[in-house]
Amino acid sequence: GSVGRADAASIAAHYGSVSVATYAVGVAYLAAREVHVDAQLPLFLVLLEVPAIIVGILLARKNDANLRWGKVAHEAFLGKSIVLLVGGLIIGWLSGPEGLAPLEPLFFDLFKGVLALFLLEMGLIAASQARTVIQNGVFLVGFGILAPLPMAIIGASLGAAMGLSVGGTTLLAVLAASSSYIAAPAAMRIAVPEANPSLSLAASLGVTFPFNIFVGIPIYYLIAQWMHSAGG
């Protein structure tokens, strides 16, 4: 059940980074319950995407003088997910609520439908990792289920300490508990090619992603509510 240094560093990068899809499901979960979410949460989504990837690379390659940091930095800071996230933030900031109003039917009203299609695609990809999960069963399943909860508690604690609302605290917990399967795999493929990508992806997408969607998010919401009631 143990993994080598490269695979351990890759898993660390995946789990230190965040999942945009899990965050989107968290947003939809809270919206269905009409729970207010702090406006700065998308900024946390962007800020938390990159640092873990850099740390994972350092863990695996800190003694490697030949590491191609240029390509790694390009993938980490200019990858598709980062560009779209940062671009969306900038567009929203420049446009303001009035400027975005005409686009609401496309980007807001259709959100749940597009999210459902995206989750269907993610489910198909997760199913393709079933063999790797079975082959490395005890470690991947155990880590994929046990790791999110303590990370979510840390995220919720930080959210409550920063004065975020219950919704904002919930989403920060969701971000902390989630694991990347888009940006991190791309960066690891370049920076740590000796790592087995199927291990990280199987744990992240095959175990943790469905766990967070079906079990984790409601639990993180309850944790956020408890923290606010205990602190208030």
Contacts of Tyr15 that satisfy ring-ring contact (aromatic ring centres under 6.0 Å, His included) - sequence neighbours left out: Phe143
So CD of Gln40 and CG of Leu45: to nearest 0.5 Å the spacing works out to 13.0 Å
Might you work through the side chain to side chain contact (heavy atoms under 4.5 Å, CB included) test for Val37 and Val27, ending with a clear yes or no? CA-CA 8 Å; Val37 173; Val27 170; 5.8 Å; no
Supply the atom-to-atom distance Ile54 CD1 to Leu59 CG, rounded to the nearest 0.5 angstrom. 11.5 Å
Are Leu222 and Phe214 linked, directly or through other ILVMFWY residues, by side chains that come within less than 4.5 angstrom of each other? no
Taken in chain and number order and not counting sequence neighbours, the residues that satisfy ring-ring contact (aromatic ring centres under 6.0 Å, His included) with Tyr23 are none
Pairs satisfying salt bridge (charged side-chain N to carboxylate O under 4.0 Å, His left out), at least one member in residues 19-33, at least two apart: none
Asp38: which residues meet the side-chain hydrogen bond (donor to acceptor under 3.5 Å, both in side chains) condition with it, sequence neighbours left out? Ser165
Keeping Ser17 on the side-chain end and His14 on the backbone end, is there a donor-acceptor pair under 3.5 Å? no
CG/Asp7 to CG/Leu199 distance, rounded to the nearest 0.5 angstrom? 5.0 Å
Quiz question: by atom type and distance under 3.5 Å, do the side chains of Ser200 and Ser10 form a donor-acceptor pair? yes
Taking the side chain as every heavy atom from C-beta outward, state whether Ser179 and Phe209 have any pair of such atoms under 4.5 Å apart. no
With sequence neighbours left out, the residues meeting side-chain hydrogen bond (donor to acceptor under 3.5 Å, both in side chains) with Ser178 are none
Are any side-chain N or O atoms of His228 and backbone N or O atoms of Leu164, one a donor and one an acceptor, separated by less than 3.5 Å? yes
Nearest heavy-atom pair of Asn212 and Tyr220: which atoms, and what distance? OD1-OH, 2.6 Å
Solution key, residues 150-161 side-chain donor-acceptor pairs under 3.5 Å, sequence neighbours excluded:
residue	atom	partner	partner atom	Å
Ser157	OG	Ile153	O	2.7

Looking at Gly144, is its backbone amide N or carbonyl O close enough to the side chain of Thr208 to form a donor-acceptor pair, meaning the two atoms are under 3.5 Å apart? yes
Looking only at heavy atoms, which two atoms of Leu140 and Ala203 are closest? And how far apart? CD2-CB, 3.7 Å
Taking side chain as C-beta onward, heavy atoms only, is Phe44 less than 4.5 Å from Leu171? no
Hydrophobic cluster identity match, Val25 and Ile145, side-chain contacts under 4.5 Å: yes
Roughly how far, to the nearest 0.5 Å, is OG1 of Thr22 from CD1 of Ile217? 6.5 Å
Measure the spacing between CH2 of Trp226 and CD1 of Ile219 and express it to the nearest 0.5 Å. 15.0 Å
Transitively linked via ILVMFWY side-chain contacts under 4.5 Å: Leu47 with Val55? no
What I'd like to find out is whether the side chain of Thr170 reaches to under 4.5 Å of the side chain of Gln225, using heavy atoms alone. no
Would you indicate whether the side-chain heavy atoms of Met227 and Val166 approach each other to under 4.5 Å? no
Once you round to the nearest 0.5 Å, how far does CG of Asn196 lie from CG of Leu201? 10.0 Å
Mind checking whether Val141 and Leu146 sit in one hydrophobic cluster, side chains of I, L, V, M, F, W, Y counted as touching below 4.5 Å? no
Okay, side chain of Ser204, backbone of Ser180: is any donor-acceptor separation there less than 3.5 Å? yes
